[in-house]
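Quick one: structure below, then a few questions.
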Amino acid sequence: MRFRVTVPGAATLHLADGVALLRPEEQVFTAMLGGFANQQLARNLARSTVEGRENTVKAFAAYVNAFPWQWTPAMVDEWLGDLRSLRDLKRSTIRSYSEAIRAFCHFATDPLYEWATTCEGRFGSHPVQVVHEWNTAVHVQDNEADAKKRAFTKAELHAFFAHCDGEVARIRAFGRKGWLPAFRDATLFKTAYAFGTRRNETRMLDAADFGRNPHGAEYSEFGLCRVRFGKAKKGSPPKRRSVLTVWDWTPDILDEWFTDVRPLFGVEGNPAAWPSERGLRIGCQRLNSRFIAYRQALGLDFHSFRRSYVTHLIEDGWDPRFVQEQVGHDHASTTSIYTCVSSDFRTRTLRRHLDGTVTAALESQNRRQS
């Protein structure tokens with residue numbers, strides 16, 4: 001007896017053979033989407049990634065008003081052109097949309113899943129790959145970030161933190177209870193810069209994630225930060241790393257927060273480093289709104305703390321390999337993208353090397369003369 005082998009996402013798991021459908025086109029497309037989602041989940045991709053790709057496929061199908069077995073490359077051209085010209089989406093966003101359609105078509109045309117055979121039998125046509133190199137943008141640069149996004153200068157960083165502290169003092173002077181969340185957010189922003197952590201990495205920190213560094217006793221209980229929710233690779237859990245404290249002011253701001261202010265939130269039983277007034281920990285939306293209100297006309301994003309951390313460490317002479325390990329990058333080239341060294345730093349670097357060359361030449365001349 002021969003058994004039929006099926007894989008997650010296969011047509012036989014989502015459609016019964018020989019069963020008539022009331023709305024065949026809609027129902028087959030819905031089943032294909034379900035199979036695509038199962039195949040993506042079987043690859044251990046995050047649910048948010050899977051849902052995002054599903055929504056993109058639905059949006060494309062609605063735009064072209066056609067089902068996958070009717071799609072053509074020309075439809076992709078029209079859709080992507082519309083996204084670029086009318087909606088003015090970023091290049092990286094458009095590329096992610098086209099990659100979602102490419103992944104879906106690759107799934108739908110793979111004989112292993114039998115969707116092409118199913119569509120051919122029901123509709124006399126089958127899906128084809130409609131996303132190719134010749135009708136989509138090619139990823140040719142390592143860094144495609146908005147050129148307006150950069151690291152804070154040290155003066156801007158000082159002004160930003162001074163504004164954060166000023167808001168705490170202003171709200172407290174009026175006797176309002178809002179000074180506690182303002183204090184929390186000010187400390188959170190400083191911590192994001194102090195350890196070069198991403199937004200979600202910072203938000204997800206627990207109080208227990210800070211600890212001693214035996215090789216940096218001067219930092220007391222805040223010699224390192226254990227990041228447990230680092231940026232994950234496809235199909236993998238969050239990446240963990242330990243970030244060592246490098247700025248001497250870091251223990252002071254954290255000690256004040258955890259000793260004097262955080263307990264005022266009534267955090268007994270709450271492990272979160274940054275508790276919310278209404279839940280376990282501060283949410284991304286609340287964090288964003290506070291940051292946007294503070295940055296005003298600076299035109300910088302939360303990730304600028306991370307860029308600033310990398311840039312200032314490099315400018316202060318820290319070893320590039322150490323900086324790479326601190327921020328959790330696999331490749332030095334990725335860290336270099338975050339580095340926005342100032343013209344003053346480059347001038348000082350050039351001057352140091354020129355002075356060293358002149359000094360070496362003079363010493364060599366003196367040795368010959370003696």
- In short, Ile101 meets Gln129 closest at the heavy-atom pair O-OE1, 4.4 Å
- Run the numbers on Thr187 and Trp274 for side chain to side chain contact (heavy atoms under 4.5 Å, CB included), then give the verdict. CA-CA 9 Å; Thr187 308; Trp274 322 110; 3.9 Å; yes
- Task: Answer yes or no: is there an ion pair linking Asp206 with Arg281, defined by an N-O contact shorter than 4.0 Å?
- Result: yes
- Note on the structure: From the list Trp318, Tyr193, Phe305, ring pair (Phe, Tyr, Trp, His ring centres under 6.0 Å) with His312 holds only for Tyr193
- Message: What's the separation between atom CD in Glu167 and atom CZ in Arg290, rounded to the nearest 0.5 Å?
- Response: 7.5 Å
- From Trp115 atom CH2 to Thr109 atom OG1, the distance as rounded to the nearest 0.5 Å: 13.5 Å
- Task: Specify the closest pair of heavy atoms between Pro127 and Ala116, including all atoms of both residues, with the distance to one decimal.
- Result: CD-CA, 3.9 Å
- Interatomic distance, His126 atom NE2 to Cys119 atom SG [nearest 0.5 angstrom]: 9.5 Å
Cut-off 3.5 Å, no hydrogens considered: what does the side-chain donor-acceptor table look like for residues 242-258, sequence neighbours left out?
| residue | atom | partner | partner atom | Å |
| --- | --- | --- | --- | --- |
| Thr245 | OG1 | Phe222 | O | 2.6 |
| Thr245 | OG1 | Gly223 | O | 3.1 |
| Thr250 | OG1 | Trp247 | O | 3.2 |
| Asp255 | OD1 | Thr259 | OG1 | 3.2 |
| Trp257 | NE1 | Ala273 | O | 3.1 |

- Query: Which of these, Arg228, Arg241, Lys239, Lys231, sits in a side chain to side chain donor-acceptor pair (under 3.5 Å) with Glu201?
  - Reply: Arg241
- Query: Is Leu15 reachable from Val7 through a run of I, L, V, M, F, W or Y residues, each pair having side-chain heavy atoms under 4.5 Å apart?
  - Reply: yes
- Where do Ala11 and Thr118 come nearest, in terms of heavy atoms and distance? CB-OG1, 3.5 Å
- Leu264 and Ile282: same hydrophobic cluster, using ILVMFWY side-chain contacts below 4.5 Å? yes
- Going hydrophobic residue to hydrophobic residue with side-chain gaps under 4.5 angstrom, can you get from Leu313 over to Phe189? yes
- Taking the side chain from Gln324 and the backbone from His329, do they hold a donor-acceptor pair closer than 3.5 Å? yes
- List the steps, then state whether side chain to side chain contact (heavy atoms under 4.5 Å, CB included) holds for Leu83 with Trp79. CA-CA 6 Å; Leu83 292 177; Trp79 181 55; 3.8 Å; yes
- Kindly say whether Leu280 contributes a backbone atom to a donor-acceptor pair with the side chain of Asn270 at under 3.5 angstrom? yes
- Note on the structure: Distance col, row Glu114:CD vs Leu13:CG, nearest 0.5 angstrom, shows 9.5 Å
- Is there a donor-acceptor pair under 3.5 Å between the side chain of Arg184 and the backbone N or O of Pro275? yes
- Message: Measuring only between side-chain heavy atoms, which start at C-beta, is Asp260 closer than 4.5 Å to Phe183?
- Response: no
- Between Gln326 and Phe195, is there a donor-acceptor pair closer than 3.5 Å when you use the side chain of the first and the backbone of the second? no
Scan the side chains in residues 19-40 for donor-acceptor partners under 3.5 Å anywhere in the protein, sequence neighbours excluded, and list what turns up.
| residue | atom | partner | partner atom | Å |
| --- | --- | --- | --- | --- |
| Arg23 | NE | Glu26 | OE1 | 3.2 |
| Gln27 | OE1 | Leu22 | N | 3.1 |
| Gln27 | OE1 | Arg23 | N | 2.7 |
| Thr30 | OG1 | Glu26 | O | 2.9 |
| Asn38 | ND2 | His14 | NE2 | 3.3 |
| Gln40 | OE1 | Arg53 | NH1 | 2.5 |

- Charged N to carboxylate O below 4.0 Å: is that the case for Glu325 and Arg321? yes
- Step through the shown structure and confirm whether more than 12 heavy atoms of other residues, nucleotides or ligands are within 6.0 Å of CZ on Arg226. yes
- Distance (rounded to the nearest 0.5 Å) between Ser98 OG and Leu80 CG: 6.0 Å
- Message: Side-chain heavy atoms nearer than 4.5 Å, only ILVMFWY residues, links allowed to pass through others: does that put Val131 and Phe107 together?
- Response: yes
- Would a distance-only check, ignoring hydrogens and angles, find a side-chain to backbone donor-acceptor pair under 3.5 Å from Arg306 to Val327? yes
- Query: Any donor and acceptor pair, going by atom type alone, linking the side chain of Asp110 with main-chain N or O of His106 inside 3.5 Å?
  - Reply: no
- Item | Over 12 non-hydrogen atoms of neighbours within 6.0 angstrom of CD in Gln285 | no
- Roughly how far, to the nearest 0.5 Å, is the CZ atom of Arg199 from the CZ atom of Arg203? 9.0 Å
- Under a single-linkage definition using a 4.5 Å side-chain heavy-atom cutoff for Ile, Leu, Val, Met, Phe, Trp and Tyr, are Met204 and Leu224 assigned to the same hydrophobic cluster? no
Identify each donor-acceptor pair in which a side-chain atom of residues 56-78 lies under 3.5 Å from a protein atom, sequence neighbours left out, and give them as a table.
| residue | atom | partner | partner atom | Å |
| --- | --- | --- | --- | --- |
| Thr56 | OG1 | Gly52 | O | 2.9 |
| Gln70 | OE1 | Phe67 | N | 2.9 |
| Trp71 | NE1 | Ala66 | O | 3.1 |
| Trp71 | NE1 | Phe67 | O | 3.3 |

- Note on the structure: Smallest heavy-atom separation, Ile171 atom then Ala182 atom, equals CD1-CB, 4.0 Å
